[in-house]
Amino acid sequence: MIDVKDLSVSFGTTPAVRDLSFSVARGEILGLIGESGSGKSATALALMGLLPRTATTSGSILLDGEELTTASEKRLTALRGRAMAIVFQDPLQAFTPVHRVGAQIAEAVRAHQRVPRRTAARRAVELLDLVGIRDPHQRARSYPHEFSGGMRQRALIAMAIANNPGLLIADEPTTALDVTVQAHILDVLKTAQRETGAAVLLITHDLSVVARAADRVHVLKGGGTVETGPVEEVLRAPREPYTRRLVAAMEAGDRPAAPRPVRTVLEVRDLVRHHPGVKAVDGVSFDLRSGETLGLVGESGSGKTTLLMEIMALARPQRGRITVLGRDTAHVSRRDRRRIRRDLQIVFQDPSSSLDPRMTVGAIVAEPLTTHGRSPARVPELLAQVGLPAEYAARHPAHLSGGQRQRVAIARAVALDPEVLVLDEPVSALDPTIRAEIITLLEKLRAERGLSYLFVAHDLPLIRRIADRVAVMYRGRIAEIGPAHQIFAAPAHPYTRALLRASPLRDDDPVIAAGCRFRPRCPLYAELPAAPRSRCATEEPEITGDSGAACHHHPGEAP
Amino acid sequence: MVRLVNYAALIVVASSLAWLLAAVTLDPRANYAGRTPAPAVAVVDAALSEANLNDKDPLLDRYLTWVSGMARGDFGRTWDGAGVGADLAERAGVTLRLVTAGLAVGALLGVAVGTLAAVGHRGWFDRLSGGVVFLLLAVPAVVLANVLIIGAVWFNDTTGTRFLMVSGEFTDGGPLDRLRHVVLPALTLALPLAAIVSRYHRSAMLDVLNADYVRTARAKGLSRRKVVVRHALRTALIPTTTYLTFTFGALLVGATITETVFGWHGLGQRLISAIVTSDVNTVAGITAIAAVALVLCAAVAEVLQRMLNPGRPR
């Protein structure tokens, strides 16, 4: 269907893609994998003829025998959306915010088919139905912001297949989504592929996505091909060192089980934070002991970030109690709060926005020191500890790579020798191999300094590698908490099980007012007989004992 | 509802402060000073008190008289006894017609130029329009008005007609007659406005043209023109509309020079002459009208935002 030969793309003098060749047959799914900067997206845009004018292209792209690199803009416009279609990465941005979703899909239909408006609108509803949007008539009239991330991604797929394209390109279609929703989207993508019989080019940096959906895989690095072959073969026996590192980053061993330390550094009891209309945190309890790492997982909107912000505020919570290093945050003086801040530091997800672009690296790392009346003389030592050369102190964040920036953010956070480090998705904005480096750094710092980590992530293999204990959050509550090896080996809560197996779960379920909030999505509930079911509908499950799951029917619980 | 109360409070406070400032700083008595023979002090006092302008009356009393009058819709009197309300009503109409015409032309021109400049980013049109905008913003309104008049005279001479009129709002009052009068003053308002709006809209468009959804729209196979109009322009209009709405309010009393040059007897012109003759009530009345207009503009902006931007968080 599509035959790419010696494709090279460069922006000015910077090459993005070098001599790339591949082909995808009708009905086949080819995974194109590589880190950011490996030329994946430039390849996708080149196929669609959507590269910016500053880009120069050479080589050949044959779509169904037709050369695309030399095709006129008019011809490309006719082909786009009809012969080839693309699903972009960020579904939040991919729809025009001011038009209804149904209208935007109908617009794609009418761009290539001479049909009346009503027919196109009906077709849009059919397509939404095909990708599994509930209540498609109603939903076609919604605006993009009224859709969840997974629904938007499904709607994008619906739009892409509106004209039965021969080639469907999916550029990081699941990157912005939660694990369970990712699985669901990949299923939808496969359905779409079956319906249209299209050749699918699946672009991703996530090996597990390729493993789940693709037939063949093509590994890219620095704009060129490193390795190619059937998916099982490449995953089982990667030949190139680069591929091996990628595969290794996907698989991670457990942390050895150890008895819990005695001293509690952070305790949260029955914490509640309600925003108008949203119960962001709705009764959360856990404790973190000295030198321990608690992994906090959960889908977006489960309240993880709100929980962290409540802790970092060091103020009286709406309800419940937060105790940091033995001090109840509701009853601390301003001076004590300052002192606690020294011992409780945070590293944010995106170092490109958490570091002031106008400050030098040295000034960023020195700021906490001078704020607390200490000498900034330690800056070179701190930079060395996070693996940065001392001369980087004079640079600005813009001149650093993503991984280097995150190292600066970590140096800033540990400058005051804190006891507790809160890490909010510290590596999710980074590429897999860089990610592994930063995790190694965090493990080293933890061992050297006896740090306690409250570690938020949605990457489960990562949590498995770094955490002693794991708490799984679901819609403002903890669904399950316990030692990492126990959670991973024998998950008790049906939601944890779905997460670990990356079982497909939809993300457009109604919010539940009473009873178990996981009920609408719960695979266990769906199979229960009526009598035990009623308990799920009326009674909010609590976590019982030291570790366990908030489920009325998990294996440890009498039915 | 809360917003309505806020708006009302805003109008009352703004108008009261304007009255207070005018009452304290302006001196209507000075209008009698140069007369020969000098009128008796008692006569002047009586006349001023009649118009609620006598600085010998306690300030609070005068204020209460003014406020209770305003509450009944009575704008008070000028120093020579004419009613303020009827005069301002007529002038508000004049200004409204002028500003509406100027704003409509300015908005259309500005949005069109801004869109084309953004689409051809860094191309010849972008550079040219940028230069013209700079020129227009550097030229004072009075110069622009006179250049337009010279151009109009030349136009009339070359075509041998008297199509473009340079003074007044109308001669006989027919629609074509009104159009002939409104072209030049409207352009005087519209050109600088279009200049600013085009830059404003251009940057809004540039933001939007790089958005992912514009790329999605192109990937659907829409023509470039449809993508620009339906997806980019439509979204970029959201910030531009807010700017235009508030500009409308500001222009109602800010078109003074245009009104003066072209002999349109509007509010801006009257505000200046009222300050010269120390007509406290007129100054306060115009300020009250401006406050109401601005609040109405805010309300209209709000409604337009809701219509244009369904995804906006409330």
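Only a predicted model underlies this, so the values are computations on that prediction, with no experimental measurement involved. The figures that follow rest on heavy atoms only: side chains count, while hydrogens, waters and symmetry mates do not. We name chains A, B, ... by the order of the sequence lines, and we start the count at 1 in each one.
Heavy atoms of Ala219(B) lying under 4.5 Å from chain A belong to its backbone as well as its side chain. With a 4.5 Å cut-off on non-hydrogen atoms, Leu45(A) touches chain B through its side chain but not through its backbone. For Ala78(A), no part sits under 4.5 Å from any heavy atom of chain B, backbone or side chain. Only the side chain of Arg224(B) comes within less than 4.5 Å of a heavy atom of chain A; its backbone N, CA, C and O stay farther away. In this structure, chain A has a heavy atom under 4.5 Å from the backbone of Leu308(B), while its side chain stays farther away.
Checked against a 6.0 Å centroid threshold, the rings of Phe95(A) and Tyr213(B) do not count as neighbours.
Looking only at heavy-atom pairs under 4.5 Å with chain B, the residue among Val98(A), Asn163(A), Val109(A) that has the most is Val98(A).
Annotation: side chain of Met84(A) is not in contact with side chain of Ile169(A) (no heavy-atom distance under 4.5 Å).
Considering every non-hydrogen atom in both Gly266(B) and Arg91(B), the closest pair reads O-NH1, 2.9 Å.
Salt bridge Lys40(A)/Glu172(A): present, at least one basic N to carboxylate O contact under 4.0 Å. The pair Arg152(A)-Glu146(A) does not meet the salt-bridge criterion, since no charged nitrogen lies less than 4.0 angstrom from a carboxylate oxygen.
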